[in-house]
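Below is one structure, written out as structure tokens; comments come after it.
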Amino acid sequence: MENDPACRAALRMIRATIEEHCPPGVLMSEEQVNGHYGPTLLDEAEALSVAIVATVERLSFDGSPKPPAPSIKA
């Protein structure tokens, strides 16, 4: 998986979609991700998932408590 070009392409597509449609600042730059999480595909995926959650939280205005998020780590 680590060097799988299809995985890299999929993550680039998700990153581009987040950058285009989500609020500014929810997604770190690739360089920031490498420094904060690490350089692997899984690290990039983690940063993307954090950005998605941050976007959902910004768009949730009802103030009701949120249930705990399930863990994505196996």
(message) Could you tell me if the side chain of Arg15 sits less than 4.5 Å from the side chain of Glu30, heavy atoms only?
(response) yes

(request) For residues Arg58 and Pro24, report the shortest heavy-atom separation together with the two atoms involved. (result) NH1-O, 3.4 Å

(request) Report yes if some heavy atom in the side chain of Asn34 is under 4.5 Å from a heavy atom in the side chain of Asp43; otherwise report no. (result) no

(request) Mind checking the CD1-CZ spacing from Ile14 to Arg12? Nearest 0.5 Å is all I need. (result) 11.5 Å

(message) With a 4.5 Å cut-off on side-chain heavy atoms, are Cys22 and Leu27 touching?
(response) no

(message) Quick check for you: to the nearest 0.5 Å, what is the distance between Ile18 atom CD1 and Ile52 atom CD1?
(response) 4.0 Å

(message) Counting C-beta onward and ignoring hydrogens, is there a side-chain heavy-atom pair between Val50 and Tyr37 closer than 4.5 Å?
(response) yes

(request) Decide whether Met28 and Leu41 are clustered together by the hydrophobic rule: side chain heavy atoms of Ile, Leu, Val, Met, Phe, Trp, Tyr closer than 4.5 Å, transitively. (result) no

(request) Report yes or no: does Gln32 contribute a side-chain atom to a donor-acceptor pair with the main-chain N or O of Ser29 at less than 3.5 Å? (result) yes

